[in-house]
Protein chains: 2
Amino acid sequence: MERRRQARGERRMAEILDAAADAFAELGYEKASTNAIAARAGISPGSLYQFFPSKEAVASALAGRFVADMRAAHGSAFGEADVAGMDLDELLDRVVDPLVAFNLANPGFKALFARPDMPSALAESSRPIQAAMLGQVESILDARVPGLAPADRARSARVLVRVFQAMTPLVAAAPEEERPAEVAELKRVLKGYLTSLSA
Amino acid sequence: MERRRQARGERRMAEILDAAADAFAELGYEKASTNAIAARAGISPGSLYQFFPSKEAVASALAGRFVADMRAAHGSAFGEADVAGMDLDELLDRVVDPLVAFNLANPGFKALFARPDMPSALAESSRPIQAAMLGQVESILDARVPGLAPADRARSARVLVRVFQAMTPLVAAAPEEERPAEVAELKRVLKGYLTSLSA
DNA sequence: TGAAAATGCGAGCGACCGCTCGTATTGTTC
DNA sequence: GAACAATACGAGCGGTCGCTCGCATTTTCA
């Protein structure tokens with residue numbers, strides 16, 4: 001079902017995803033109309049549909065690109081060093097800072113991944129990264145809190161991811177000089193919870 | 001600008017708010033159309049607009065009713081007893097349990113309050129709820145952590161409310177037998193953060 | 001009892017949505 | 001350069017949305 005793409009077409013697709021990320025960030029998924037996305041990309045509505053069969057497909061492709069970008073930029077920082085022995089503050093710095101930076105650098109990201117009411121195909125696209133993040137967090141938990149039962153570990157991982165997702169918009173919305181303080185609070189929440197788990 | 005209402009009109013307004021709460025809970029704010037709300041209330045679209053000038057006004061009135069209901073049901077538990085001297089676990093029980101119960105008993109509530117990404121129109125309508133919650137939490141913080149600077153206190157209140165908002169859907173989505181465990185995790189997060197603030 | 005006010009109706013307006021289609025242009029292949 | 005695929009256009013389709021308006025019915029009150 002794949003059609004032959006020209007180099008120009010590949011470029012167009014990237015431009016469309018850029019425009020979609022912009023529009024999603026500024027307007028949210030629902031209010032970012034396909035015509036508006038096309039206009040931001042400097043093309044006609046019809047041209048958008050030369051490359052993506054639906055609005056959902058655009059979002060899905062954008063989600064895929066976010067996943068790839070995140071893996072490329074920060075994937076290694078997640079699970080490589082000796083998590084078990086590291087100072088808790090340092091561990092939090094190593095995990096939280098790159099993720100916060102990615103969220104700030106990609107404002108459209110949260111519109112696609114931090115939503116409770118997502119279109120089904122969109123939820124499907126975001127499942128890999130959700131699962132990956134949960135898995136990484138679970139492996140960290142496994143190293144830091146060895147006595148945890150699997151069900152409790154899974155639940156705690158969900159809690160940690162959820163707290164991060166909830167706090168990130170607070171960080172992004174804060175004026176720039178307030179951000180370090182907001183990030184510190186995010187880490188404080190996570191640290192308090194992790195400390196409580198170890199006790 | 002107020003018009004004279006008959007008793008029937010007051011009843012209708014309550015029915016419309018009931019229908020709106022239903023529709024918001026089931027469909028979310030955006031997809032709950034005013035015609036659908038009117039249909040659920042058993043009236044015509046025109047009749048709905050006899051009582052509310054816009055969809056946002058319906059949401060705003062519903063938010064107001066939620067605040068009143070919450071105050072009536074659990075308001076006393078929030079700020080009356082000696083918050084300062086109370087055991088932290090007991091304080092959390094007294095604050096969290098009624099709020100969780102209210103959320104579970106009023107499924108439409110989370111569409112107005114516990115939604116991480118709030119459209120601007122909705123944000124305005126739900127501000128009374130947010131303001132009420134922040135104020136209560138700030139007064140508790142004032143009693144429990146007296147050394148906190150006003151700006152830090154406000155920030156911490158935002159963090160606590162945000163965490164609660166983020167965790168509540170997790171509680172609501174969990175199967176009934178899992179809920180106590182999820183609530184316990186919610187309290188654990190809040191306790192860890194509060195403990196960290198006092199240190 | 002009769003006029004005025006409040007309540008009730010529902011077809012439909014104007015705006016916008018995701019998306020299509022006929023057609024024109026550009027690029028590739030031989 | 002001819003044949004064909006890929007790219008580009010934009011008016012407009014079918015549909016939904018929040019909301020209106022002309023008009024019928026019920027209630028209030030003098």
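Throughout, protein chains are lettered first and strands after them, A, B, ... in sequence-line order, and every chain is numbered starting at 1.
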- [ ] Mind calculating the distance between CZ (A/F51) and C1' (D/dA8) to the nearest angstrom?
- [x] 8 Å

Open item on the list: Tell me the interatomic distance from B/R12, atom CZ, to D/dT26, atom P, rounded to whole angstroms.
Closed with: 13 Å

TODO: Would you indicate, yes or no, if D/dT7 has its OP1 or OP2 atom less than 4.0 angstrom from a side-chain nitrogen or oxygen of A/S47?
DONE: no

Open item on the list: Nearest to the B/S33 side chain among D/dC9, C/dG18, D/dG18, which nucleotide is it?
Closed with: D/dG18

TODO: Respond yes when some side-chain nitrogen or oxygen of A/R5 is under 4.0 Å from OP1 or OP2 of D/dT7, and no when none is.
DONE: yes

TODO: Consider the side chain of A/P45, meaning its heavy atoms from C-beta on, and name the nucleotide among C/dG18, C/dT20, D/dC19 that approaches it most closely.
DONE: C/dT20

Task: Contact under 4.0 Å: A/T34 side-chain N or O vs C/dG18 OP1/OP2 - done: yes

Task: Nearest-Å distance for atom pair CD/P, residues B/Q50 and C/dC9 - done: 10 Å

Task: Minimal non-hydrogen separation, A/K55 against A/Y49, with atom names - done: N-OH, 4.3 Å

- [ ] Please lay out, stage by stage, how B/F102 and B/F109 fare under the test ring pair (Phe, Tyr, Trp, His ring centres under 6.0 Å).
- [x] CA-CA 8 Å; B/F102 186 83; B/F109 182 74; 5.1 Å; yes

Task: OP1 or OP2 of C/dT28 under 4.0 Å from side-chain N/O of A/R4 - done: no

Task: C/dA6 OP1/OP2 closer than 4.0 Å to side-chain N/O of B/R8 - done: no

- [ ] Please say which of A/R11, A/R40, A/R65 ends up in a salt bridge (Lys or Arg N to Asp or Glu O under 4.0 Å) with A/D18.
- [x] A/R65

TODO: Just call it for A/L48: base, sugar-phosphate, or nothing, with non-hydrogen atoms closer than 4.0 Å on any strand.
DONE: nothing

- [ ] Calculate the interatomic distance between B/E10 atom CD and D/dT27 atom C1'; express it in whole Å.
- [x] 15 Å

TODO: Answer with base, sugar-phosphate or nothing: what part of the nucleic acid does A/G9 contact at a heavy-atom distance below 4.0 Å?
DONE: sugar-phosphate

Open item on the list: I want to verify a distance call: between D/dG18, D/dT7, D/dG12, whose nearest atom is closest to the A/Q6 side chain?
Closed with: D/dT7

Task: Nearest-Å distance for atom pair CD1/P, residues A/I16 and D/dA6 - done: 16 Å

- [ ] Send over the distance from B/L27 CG to D/dT16 P, rounded to a whole Å.
- [x] 14 Å

Task: A/F52 CZ to D/dA6 C1', straight-line distance once rounded to whole Å - done: 15 Å

TODO: Compute whether any side-chain donor of one residue and acceptor of the other, for A/S47 and A/S44, lie under 3.5 angstrom apart.
DONE: yes

- [ ] Indicate, with a heavy-atom threshold strictly under 4.0 Å, whether A/A32 touches base, sugar-phosphate, or nothing.
- [x] sugar-phosphate

TODO: Look at the side chain of A/Y49 and decide which nucleotide, out of D/dA8, D/dC19, C/dG18, has an atom nearest to it.
DONE: C/dG18

Open item on the list: What is the distance, to the nearest angstrom, from the CD1 atom on A/I43 to the C1' atom on C/dT26?
Closed with: 16 Å

- [ ] On DNA chain D, check which nucleotide each of B/E56 and B/A7 is closest to and give me the residue with the more 5' one.
- [x] B/E56

Task: Cation-pi, B/F24 ring and B/K31 (6.0 angstrom, 45 degrees) - done: no

Open item on the list: Please pick, from D/dG10, D/dC19, C/dG18, the nucleotide with the shortest atom-to-atom distance to any side-chain atom of B/N35.
Closed with: D/dC19

Task: Value rounded to 0.5 Å, distance of NZ in A/K191 from OH in B/Y193 - done: 13.5 Å

